[in-house]
Structures are given as C-alpha cells and as structure tokens.
Amino acid sequence: MELKASGLQIIGESPAETYPLQKKAHSFEFLREIAHLRPRTNTFGAVARMRSQMAFAMHSFFNERSFQYVHTPIITASDCEGAGEMFQVTTLDIDSLAKSGKPADYSKDFFGKKSYLSVSGQLNVETYCMALGKVYTFGPTFRAENSNTPRHLAEFWMIEPEIAFAELPEDMALAEDFIKYLLSWALDTCGEDLAFFDKRVQPGLIATLEAVRSSVFAHMTYTDAVKELEKHADDFEFKPYWGCDLQTEHERYLTEIVMKGPVIVTDYPKELKAFYMRRNDDGKTVSAMDVLVPRIGEIIGGSAREYRLDILEAAMAEKGLETAPYWWYLDLRRYGSAPHAGFGLGFERLMRYVTGMENIRDVIPFPRAPKQAEF
RNA sequence: UCCCCUGUAGCUCAGCUGGCAGAGCAAGUGGCUGUUAACCACUGGGUCCGUGGUUCAAAUCCGCGCGGGGGAGCCA
C-alpha cells in the first residue's frame with residue numbers, strides 16, 4: 001500500500017534515541033523486560049490476537065454443548081486443595097507482627113482464619129456439576145511453587161469442565177473433542193497469525209495442528225505405558241517400573257517416539273494421584289488421565305471423581321487427610337451422589353501448543369513467576 | 001529447590017593461557033536514493049551485573065550475592 005499524504009501531524013512523540021524497540025528482530029528474553037512495549041511487536045500482537053480467539057473458542061465449544069460457565073472463587077479459606085504450594089492472603093500487618101515476635105492470630109484476620117489464593121476451581125465446580133449437569137470454570141489460578149521452567153507460571157488461567165453421569169471414557173472423549181475444536185478454530189480463524197508463527201517461530205506448526213485435528217488420540221493405560229518404556233529402559237536416566245511416577249523423559253518418549261502424536265495415559269497407581277479420583281475395581285489404580293502432546297508434554301490432567309462416600313473417606317484416610325474441612329465436598333456424596341468426571345487444561349499451555357512459542361512467559365501478557373511481578 | 005550455561009555500547013555478540021574496550025545493527029550529522037530489514041561517509045556512545053579477594057596489573061582468575069537461559073522436580 002502507498003499513501004500520498006496531504007499533511008502530517010505528530011500526535012505522540014517517540015524519540016528514537018531512547019525508544020527500546022528497533023526496526024529489527026529482538027530476543028524474546030529482552031522483550032520480556034519491556035512487557036509494556038512488547039505488544040507493539042508483530043509476534044506479541046499475534047499472540048494477543050490468538051489468545052483472545054482461543055478464549056472465545058473455548059466458550060463457544062462449551063456453549064454449543066450446553067455447559068454452564070461457573071465462576072468459582074479465587075480466595076479460598078481452606079487449605080484442602082492439595083495441588084501445590086499456596087499463596088497466603090491476609091490483611092494482618094506482617095511488619096508489626098514480625099516486630100512483636102508473637103504468633104499470628106488468624107481469628108483477627110479478614111476471614112477469621114487462614115486464607116489463600118485458589119490453586120484449582122475443581123472442588124467448587126463439582127458442587128455446580130451436581131446441580132446443573134455440565135459445567136466449566138475458566139479463571140486465574142495461583143501456585144506458589146518455586147518452579148522456574150518454560151512451562152510453569154505462578155499465575156495462570158485454567159479451564160476446568162466437569163460432567164455429571166460420566167466416567168473416564170466420556171471424560172477422555174470430551175478432552176479430545178475439546179483440543180481438536182480449539183485447533184480447528186485456530187486454523188480456521190487465525191490463518192494470518194498462524195502463517196506468521198509457522199514462518200518465523202515454529203516451522204511446521206500448521207502442518208502439525210492440521211494433523212492433530214484429523215487424528216485419533218492414542219489411548220494407553222499406565223500399566224501398558226510402563227511395559228512399553230521398560231523395553232527401552234536403556235534410553236532413560238530414570239528406569240521405569242510399575243509404580244514409578246512418569247518422568248518428563250518418559251512422557252515425551254511416549255508421545256514423541258512411540259505414538260508420534262497425542263496420547264492419553266490412563267489408570268495410574270492410586271498412590272501417585274489425588275484423593276478425589278475414582279478408585280478402580282482392581283484396588284490398585286484410579287480412573288485418571290493425562291493428555292500428552294509432542295513438544296508440550298502434559299497439557300491436560302483429569303479423572304473420574306470418587307462419588308462413593310465410604311471409598312472417598314477411606315482414600316482420604318490413606319493419604320492422611322482430615323475429613324472435617326471437606327464437609328461440604330463430602331456432602332455431595334451424602335446427598336444424591338452420581339458419577340462425574342472432569343479435567344483441567346492450562347490455558348497458557350494450550351497457547352504454547354497453538355502458537356509454537358517456546359516459553360510460557362511469552363503467551364501471557366504479564367507473566368508472574370518467582371522473582372517476577374514487574375508491570 | 002538441585003544441576004549446567006550465561007551477564008561487555010540502546011540491541012545481538014566477540015574479546016584466547018591476565019597487559020590501552022571491540023564488531024555488526026541502532027542513534028546523531030552530511031550525502032545519495034521509488035525505498036521494501038535501503039545505501040555511502042563521518043561522529044557520539046561503556047559502573048565490562050554487584051561485592052570481596054589474588055596480582056605490579058582483572059572484562060578475563062577465585063569466593064559470595066543478584067539477574068537471565070536450559071534441564072530436573074512440582075504440575076496445568
């Protein structure tokens with residue numbers, strides 16, 4: 001395009017001597033340090049557009065299937081979610097408390113007890129699942145883990161659907177449909193931005209997304225997965241055996257070498273998974289699933305939920321959990337319990353998958369990570 | 001939190017077994033040009049991350065701290 005201007009007015013100056021962005025490629029590491037200016041670059045503009053589209057696609061998927069969007073709380077007053085270290089929320093004056101040398105009196109805290117930022121909306125959304133049938137949450141989630149990797153954030157957005165009268169097979173089918181729907185949406189509505197990522201960020205991206213869209217996800221039980229890994233034990237630093245937690249190297253091997261595409265691993269040993277997962281009849285495993293995809297690894301974790309009160313209480317006892325704080329969660333099993341299942345999908349992990357961006361800090365506008373809360 | 005790599009001009013980096021701080025791009029000035037990440041010439045630009053140490057002498061070697069990247073763990 002060419003313009004024949006009749007006049008030119010400078011509305012806001014941008015002195016070239018000090019403006020950090022130059023007419024050349026900058027490293028993502030550098031751009032992270034100027035997160036307030038990076039949306040002006042072609043890459044981060046494309047990321048922002050695709051992030052918006054993916055959020056819309058997610059709502060569209062659930063809306064088409066008559067799911068209800070439930071807003072679960074961000075602040076939680078019970079330390080009972082068990083999905084990692086939590087950020088404490090308080091209005092107590094930490095400085096004067098430290099000077100006084102006295103222990104904190106949480107009855108004087110805002111909520112009258114210790115409170116935290118939520119690490120998951122799942123327990124809360126299960127209550128609406130038992131009322132409305134098909135529900136999902138989408139909101140910010142907080143984990144105070146000191147993890148410094150290209151795939152973890154301290155503040156991230158998570159999508160958690162929960163479906164009633166469903167067991168693991170329905171859950172797996174939902175997860176697969178969901179991923180494919182999102183990839184289709186990206187391919188159909190974000191063509192220009194995808195072409196950019198394919199050319200400049202992740203060559204072969206579009207071909208990969210197209211292949212996954214029309215593929216059938218492989219299924220594999222944990223037990224079969226371990227058998228497969230044991231055949232190639234020499235390739236691993238950590239030798240696989242039944243009962244071991246699958247290491248990153250194992251997961252990558254399964255999805256990238258064995259299956260060469262997405263794979264859903266199911267039925268993990270009960271010792272490896274959370275208390276609320278449905279106990280299988282073998283007495284050793286639970287109805288859990290992890291969806292693994294090449295390059296990203298685990299993108300979804302989910303399970304059927306234990307809906308039988310006595311078995312759920314026994315599982316909590318095995319894991320040394322007190323039942324009292326979970327009284328309302330257990331009420332769901334006391335009053336009209338039904339099989340149900342759900343999963344969690346990290347929105348930024350989806351964004352990494354769909355854009356080809358390597359570092360999760362580059363697919364969220366203002367990343368929060370250990371020692372990182374500028375902007 | 002553990003392991004490895006790394007921190008030098010606005011950006012990307014070179015700088016060897018210690019001996020005067022460098023390049024490309026960017027910026028400024030001038031020139032040239034229907035240019036597509038334009039071209040030519042000149043000019044300016046540095047707390048070599050911080051701190052302690054070794055040494056006649058440290059960007060360079062050693063200790064500690066902080067930041068960045070990769071891997072692991074935790075997980076989504």
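Reminder, nothing fancy here: chain letters follow the sequence lines and each chain counts from 1.
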Could you walk me through whether Ser287(A) and Glu167(A) pass side-chain hydrogen bond (donor to acceptor under 3.5 Å, both in side chains), step by step?
CA-CA 8 Å; Ser287(A) 286; Glu167(A) 302 268 15; 5.4 Å; no

Close N/O contacts between protein and nucleotides 1-5 of chain B (under 3.5 Å):
residue: U1(B); atom: OP1; partner: Asn146(A); partner atom: ND2; Å: 2.6
residue: U1(B); atom: O4; partner: Asn146(A); partner atom: O; Å: 2.9

Test of ring centre spacing under 6.0 Å for Tyr326(A) and Phe275(A):
yes

Just call it for Asp245(A): base, sugar-phosphate, or nothing, with non-hydrogen atoms closer than 4.0 Å on any strand.
sugar-phosphate

Between G44(B) and U6(B), how many Å separate the two C1' atoms, rounded to a whole number?
30 Å

Considering only heavy side-chain atoms of Thr248(A), the closest of U12(B), A72(B), G28(B) is A72(B)

Would Phe347(A) count as stacked on A76(B) if the rule is ring centres under 5.5 Å and plane angle under 30°?
no

The residue, Lys371(A) or Phe156(A), whose nearest nucleotide of RNA chain B is more 5′ is Lys371(A)

Less than 4.0 angstrom from a charged side-chain N to a carboxylate O is my criterion; do Arg295(A) and Glu358(A) meet it?
no

So which nucleotide does C16(B) pair with, by the Watson-Crick or G-U wobble rule with both distances under 3.5 Å?
none

Under 4.0 Å between a side-chain nitrogen and a carboxylate oxygen: does that hold for Arg32(A) and Asp362(A)?
yes

Residue among Thr221(A), Leu246(A), Thr223(A), Asn280(A) satisfying side-chain contact (heavy atoms from CB on, under 4.5 Å) with Tyr268(A)
Leu246(A)

Just the rounded figure in Å: distance from P of C75(B) to CZ of Phe87(A).
16 Å

Write down the distance between CD1 (Ile179(A)) and P (A76(B)), rounded to a whole number of angstrom.
14 Å

Between Tyr116(A) and Phe87(A), is the gap from one ring center to the other below 6.0 Å?
no

Below 3.5 Å is the cut-off: list the nitrogen or oxygen pairs between protein and nucleotides 36-39 of chain B, distance only.
residue: A38(B); atom: OP1; partner: Lys23(A); partner atom: NZ; Å: 2.8
residue: A38(B); atom: OP2; partner: Lys23(A); partner atom: NZ; Å: 3.2

Is the base of C75(B) touched by the side chain of His152(A) through a donor-acceptor pair closer than 3.5 angstrom?
yes

Ignoring the backbone of Asn359(A), work out which of G70(B), C74(B), C11(B) is nearest its side chain.
G70(B)

Of all the choices, C74(B), U12(B), C75(B), which nucleotide is nearest to the side chain of Glu251(A) once you look at every atom?
C75(B)

Sort out the partner of G28(B) for me: Watson-Crick or G-U wobble, both distances under 3.5 Å, none otherwise.
C42(B)

Look at the rings of Phe178(A) and Phe343(A) and say which category their plane angle falls in: under 30° parallel, 30 to 60° tilted, over 60° perpendicular.
tilted

Ignoring hydrogens and angles, are the base of G68(B) and the side chain of Glu29(A) linked by a donor-acceptor pair under 3.5 Å?
no

Does the side chain of Arg32(A) get closer than 4.0 angstrom to OP1 or OP2 of G69(B) through an N or O atom?
yes

For the pair made of CZ in Phe236(A) and C1' in G71(B), what is the distance, rounded to whole Å?
17 Å

Can you tell me the Watson-Crick or wobble partner of C64(B), both distances under 3.5 angstrom?
G50(B)

Describe the nucleic acid contact of Gln247(A) in one word from base, sugar-phosphate, nothing, applying a heavy-atom distance below 4.0 Å.
sugar-phosphate

Give the nucleotide from the list A27(B), G73(B), G10(B) with an atom nearest to the side chain of Gln22(A).
G10(B)

In whole angstroms, how far is the C1' atom of C25(B) from the CG atom of Leu21(A)?
15 Å

For Phe110(A), ring pair (Phe, Tyr, Trp, His ring centres under 6.0 Å) partners two or more places apart
none

May I ask you to verify if any side-chain N or O of Arg151(A) is less than 4.0 angstrom from the OP1 or OP2 atom of A72(B)?
yes

Quick one: sort the Tyr69(A) and His71(A) rings into parallel, tilted or perpendicular, breaks at 30° and 60°.
perpendicular

Suppose you measure atom C1' in C61(B) against the same atom in C3(B); what distance do you get, rounded to whole Å?
23 Å

Could you tell me the separation between the OH atom of Tyr19(A) and the C1' atom of A26(B), rounded to a whole number of Å?
14 Å

Closer to the 5' end of RNA chain B via nearest nucleotide, is it Pro150(A) or Leu345(A)?
Pro150(A)

Proximity of Phe138(A) and Phe62(A) rings by center, below 6.0 Å:
no

Run the numbers on Tyr276(A) and Ser303(A) for side-chain hydrogen bond (donor to acceptor under 3.5 Å, both in side chains), then give the verdict.
CA-CA 9 Å; Tyr276(A) 51 73; Ser303(A) 73; 5.8 Å; no

Can you figure out which of C74(B), A27(B), C75(B) approaches the side chain of Glu145(A) most closely?
C74(B)

Could you tell me whether Leu350(A) contacts a base, only the sugar-phosphate backbone, or nothing, with contacts defined as non-hydrogen atoms closer than 4.0 Å?
nothing

